[in-house]
Amino acid sequence: MAYVVPFCVFFIYLCLVAGEYFYERQSLESEASTAQIKQLEKELFRMQHLVERAIHNQNLDSVAEEISLAATDFNIMVYILLDDTSLIRYANHVVWRDSRASQVIDGYSMALHRQVVDSGKPRIFANMDRLSIQAYYPVITEAPVSFGGKAELLYLEYDLSPAMAKVTDDLNLRFMRVWGLGALFVLGFMLVLHFMLIRPLRALAWQARGGENIPFHMDNTWVFSEIRVLKDYLHRSQQKLQRTQKQLRDNEQRWLFAVEGTRNGIWDWNIASGEVFLSDRWKEMIGYGPHELEGLYSTWESRLHPDDKGAVLSSLQAYLNGETEAFESVHRLRHKEGHYIWVLDRGMLVEWDEQGRPCRIIGTHADVSDDVRNQQALAHLANHDALTNLANRRSLMDALYEQQKHCRNSQQCAALFLIDLDNFKTINDTLGHHLGDRLLIQLAARFSGYFSANTLVARLGGDEFVILAKDLTQDRATAARRALALASEIRQLVARPFNISDKQLHVSASIGVCLFDDQDDIDAEELLKRADMAMFQAKEGGRDNCMIYNSEMEVKAHQNLLIQNELRYAIERQQLSLVYQPIVDAQGKLTGAEALLRWQHPQQGNISPADFIPVAEGSGLISEIGHWVILEVCRFIREQQARGIGVPKIAINLSARQFNQPEFVERLIALLKAQGIATDALELELTEYALLTNLCIMNTRIDLLRKAGISVAIDDFGTGYSSLSYLQNLPLSRLKIDASFVQKIGSGRSADAIVKAIIEMAHSLELKVVAEGVETAQQRAFLNQLGCDNFQGYLFSQPLPEVEFAALLRPPRRKLPYAAPGS
Ligand SMILES: Nc1nc2c(ncn2[C@@H]2O[C@@H]3COP(=O)(O)O[C@H]4[C@@H](O)[C@H](n5cnc6c(=O)[nH]c(N)nc65)O[C@@H]4COP(=O)(O)O[C@H]3[C@H]2O)c(=O)[nH]1
């Protein structure tokens, strides 16, 4: 292409030269012929006079001579004199004489002859076809001549070829000089153009075509400065382009890496042609290899799940119509193996045609099957308890709300049972959460297996379960009876032993029931609160119990709250004190005492430990209080010993929570050591609930205590659900028969039999027996008869304030057959 310009220049130059040449030749030829014509005019004018004079003189020889003379000029082809009959009278070639001119002279025109003769005006003109000048010249004379007629016309034809040839030769010579030089100049100009412009341009073009990797350079230094500027610019642009391309490649790689990293598939759909690029990962997601599946829109559409298809396509159409800002859809695509996977499909328009219609859209595919499954699982979790798969609090609340609505329409009564396992925390702490969880799972399975679909079983968390019994009946009293029966069934379900990891566990539950019908205009939370209140009362009532909510419980709950608040400050305000209840042997001799807490409230007077100990246990204050009790007993023993008074073994009540504190035993031993108290000065009383955990751990702890010299007794024996196996295995020292059994002595054979069995069993296990709550001589006698080792009760002594108990210790010690009156 670069050569077109010089070629055109050269062509134009040639056209100009040729034009100029022909124009010049024409004008030179015209000039030459005009000059010749003038000369011939003179010659003919002279000849006319000569002829006229010769005629006048009647001597035409001079004419013949002149014509012959003229014939010596080789350029005169024809020179003739014609008479009025058009016969040639004289001619430069003798052969033509007496011939008709029109017959022998080529190109002779009789018409012109006549015209010239008639007009008397000569006609001389150049005939370029014949390359000659033809002249018709009249002879004006009336005189007849010797040849018989009248001479009337001179005709001459002059050969212009030599003149024209000369003109051409001169012209050629001139053109050779002038235009040849011009051609040389043009050629030089073209060479300059070639080397300084065209060649470097071609080189640049070639380098540009060669790709971005060949740097722009110039071999010759003689180039136009503009070319150099262009080269530098191209070079810079090339470098910039290379940098940009590198960035682009880097970005593309990063993008690919990112997309690959997220394991997303890519699609690129040409809407007009229907062609779709599907990345390898896209195909892999639905089980195909890189070379499978046609890159067509129908490949995708035909794999959409029938249930999702409508929604997906309308969402896509809405985006293509510009009705939505983005295309994003989660739907199912059929896998090669026939099943469906969930994909998150996102697309973005990237090209539009001249009319603004979308023509290209690209997008990504992410396999979200796991996410969807997770979402479904999450939705399930949102309404279900993760551990037991029972309904959770949220579901329960919804069900309660629905049930309340139903009650209003049907006037039916429903019951809400709040079930809290007794001492579950102890099980958890000692056996570990893992086994505790397994117990909860087993219990949940028992509940859901037992109750019908009309009953909702839920878990609120921890060891709290809720059962919603719907449509009990319309009569509230009947509903209450049914609720109690149901509660009894629940307790039996709970009481069945749990076999967990080769251990058999026994648990009990405290149940609070809240009945409701269309009359109760309270919200679901309040219903649950009432059931909780009833459950708390059941716990207070000695566990493994069931209570139906009544409004008095509100008062009690309020009182408990008060106790809890006041108890916090009871120690620092010195409202707590200890009393000591003597324990005697069969002979009434003091063998020990039980330290019992008293709370002297400034306003409410004496508050019974039976009232505040459960509150303290529930609020966690029991640990602090328990620690205070141990310190108090130590102080008492130390003070007595300082006075030289021997103190028998003092039994201290330990709550399960306190005993199960981590490293409680080690810290107790260290404390006694620090207090300077012999370890055998104390006995720890644990209830069956406190022992109702991992036998192995209990064994280790009690063994540790025993080895340190601290004996352990079981308190309130017979009230718990513990198996007797722990009695066999634990290194216990004493067993205290619960007062409820002692007080039934004499009331029936079975009561006596129970007491007898307990004593015999304890003795067979080499455990000493203490009978609690001995109030009558009859009870004492019966127990004595059975070989009971020790006695505690009002018959011997009420719990005594410290001073009185200290007095009792001072020698000589008297026997305590009967209670000290008034204490
Ligand atoms: N009806 C009757 N009752 C008799 C008779 N003899 C003694 N009692 C009472 O029986 C309870 C015996 O204590 P417990 O079984 O360990 O039962 C105790 C014990 O479980 C708990 N408790 C008392 N002090 C403490 C303490 O310091 N720490 C802990 N953790 N619990 C304590 O409070 C419970 C109640 O204690 P108290 O009200 O002092 O009641 C005491 C005592 O006053 C009798 O002949 N007839």
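Indexing begins at 1, ligand by ligand and atom by atom, following the structure's order. The figures here come from the full heavy-atom set of this structure, side chains too, leaving out hydrogens, waters and symmetry mates.
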If the plane angle is over 60° it's perpendicular, under 30° parallel, otherwise tilted; pick one for Phe447 and Phe465. perpendicular
Which of parallel (below 30°), tilted (30 to 60°) and perpendicular (above 60°) describes Phe612 and Trp599? perpendicular
Any side-chain donor paired with an acceptor under 3.5 Å for [X] and [Y]?
| X | Y | answer |
| --- | --- | --- |
| Gln661 | Ser623 | yes |
| Thr388 | Asp385 | yes |
| Gln743 | Gln779 | no |
| Tyr549 | Gln537 | no |
| Tyr450 | Glu489 | yes |
| Asp420 | Ser510 | no |

Which protein heavy atom lies closest to [atom], and at what distance to 0.1 Å?
| atom | answer |
| --- | --- |
| atom 36 (O) of ligand 1 | Pro609 CG, 3.5 Å |
| atom 10 (O) of ligand 1 | Gln581 OE1, 4.8 Å |
| atom 41 (C) of ligand 1 | Leu596 CD1, 3.8 Å |
| atom 30 (N) of ligand 1 | Asn653 O, 3.5 Å |
| atom 3 (N) of ligand 1 | Tyr794 OH, 3.4 Å |

Do the numbers put Arg701 on top of the ring of Phe664, so that NZ or CZ is under 6.0 Å from the six-membered ring centre and no more than 45° off the axis? no
Validate the cation-pi geometry between Arg438 and Phe498: distance from NZ or CZ to the six-membered ring centre under 6.0 Å, angle to the ring axis within 45°. no
What part of [X], side chain, backbone, both or neither, has a heavy atom within less than 4.0 angstrom of ligand 1?
| X | value |
| --- | --- |
| Asp716 | side chain |
| Leu597 | both |
| Glu594 | side chain |
| Gln658 | neither |

Is there a protein heavy atom at a distance of less than 4.0 Å from [atom]?
| atom | result |
| --- | --- |
| atom 17 (O) of ligand 1 | no |
| atom 34 (C) of ligand 1 | no |
| atom 23 (C) of ligand 1 | yes |

What are the atoms of ligand 1, with element, lying closer than 4.0 Å to any heavy atom of [X]?
| X | answer |
| --- | --- |
| Glu772 | 14 (P), 15 (O) |
| Ser655 | 30 (N) |
| Pro799 | 43 (O) |
| Glu775 | 1 (N), 2 (C), 44 (C), 45 (O), 46 (N) |
| Val774 | 45 (O) |

Quick one: pull up CG in Leu527 and CG in Leu416 and give me the separation to the nearest 0.5 Å. 6.5 Å
Ile758 CD1 to Cys788 SG distance, which is reported to the nearest 0.5 Å: 10.5 Å
Is ligand 1 less than 4.0 angstrom away from at least one heavy atom of [X]?
| X | value |
| --- | --- |
| Gln743 | yes |
| Glu617 | no |
| Gln792 | no |
| Ala739 | no |

If you apply the rule ring pair (Phe, Tyr, Trp, His ring centres under 6.0 Å), what do you find for Tyr580 with Phe636, and how did you get there? CA-CA 11 Å; Tyr580 297 88; Phe636 174 73; 4.7 Å; yes
